Amino acid sequence: MGTNKIEAYLGFSLRAGSAVLGLNSIETLKKGVCCLLLDGGAAKNSHKQARKLSERFACPLIVIEGLGALVKREGCKVIAIKDPSLAGAILREAGEQGISIEGVIG
């Protein structure tokens, strides 16, 4: 699947400091999450927790296979994007590529 644009946007958000990696780190956030990305190969409990966080922050949840490889951190299963413009770009690209998007959009 052509996720190279999503990989680039994730790289931008990591360098800008607007990405939070890992469920535990994301759970400590109070607000400001624009979208969540979840590895499709994550455990059932991680899927459940990510959906709860998506509802809590009222943001979309994007399920991407091989998310850890995209950010060069194999153990990473969940990422929160806090920058609205980068989140919007990732959402648009995911929609164009037919990647699963759950939750609130807009």
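Numbers here simply count residues along the sequence, with the first being 1. Here the structure is a predicted model, which means the values were calculated and not measured.
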For this session: Quickly, which of Leu61, Ile26, Leu37 forms a side chain to side chain contact (heavy atoms under 4.5 Å, CB included) with Val78? Name it, please.
Result: Ile26
Exercise. In a check of side chain to side chain contact (heavy atoms under 4.5 Å, CB included) between Tyr9 and each of Asn4, Ile90, Leu14, which one passes?
Worked result: Ile90
For this session: Under the side-chain contact (heavy atoms from CB on, under 4.5 Å) rule, what do Glu102 and Leu38 come out as? Steps first, then yes or no, please.
Result: CA-CA 11 Å; Glu102 304 173 8; Leu38 173 69; over 6 Å; no
Taking atom [atom1] of [X] and atom [atom2] of [Y], what is their separation to the nearest 0.5 Å?
| X | Y | atom1 | atom2 | value |
| --- | --- | --- | --- | --- |
| Leu23 | Asn45 | CG | CG | 8.5 Å |
| Phe57 | Cys35 | CZ | SG | 12.0 Å |
| Leu86 | Ser18 | CG | OG | 5.0 Å |
| Arg92 | Lys5 | CZ | NZ | 10.0 Å |
| Ser54 | Ile62 | OG | CD1 | 10.0 Å |
| Leu70 | Glu65 | CG | CD | 10.5 Å |

Seminar exercise, completed: Nearest heavy-atom approach of Lys77 to Glu74 is NZ-O, 4.1 Å
Exercise. Do Leu36 and Cys59 come within less than 4.5 Å of each other through their side chains, counting heavy atoms only?
Worked result: yes
Problem set entry | Non-hydrogen side-chain atoms of Val20 and Thr28 separated by less than 4.5 Å | no
For this session: Could you tell me whether a side-chain N or O of Arg73 sits under 3.5 Å from a main-chain N or O of Val71, the two making a donor and an acceptor?
Result: yes
Exercise. Do side-chain atoms of Asp39 reach the backbone of Leu67 as a donor and acceptor pair under 3.5 angstrom?
Worked result: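 Yes, Asp39 side chain to Leu67 backbone: donor-acceptor pair under 3.5 Å.
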For this session: Could you tell me whether Lys52 and Glu27 have a side-chain N and a carboxylate O separated by less than 4.0 Å?
Result: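 No salt bridge links Lys52 with Glu27.
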Problem set entry | Chi angles and distances behind the side-chain contact (heavy atoms from CB on, under 4.5 Å) call for Ile99, Val63 | CA-CA 7 Å; Ile99 295 173; Val63 182; 5.7 Å; no
Problem set entry | Criterion side-chain contact (heavy atoms from CB on, under 4.5 Å) on Ser13 and Asp83, from CA distance to verdict | CA-CA 7 Å; Ser13 61; Asp83 183 273; 5.8 Å; no
Exercise. NZ of Lys82: more than 12 outside heavy atoms within 6.0 angstrom?
Worked result: no
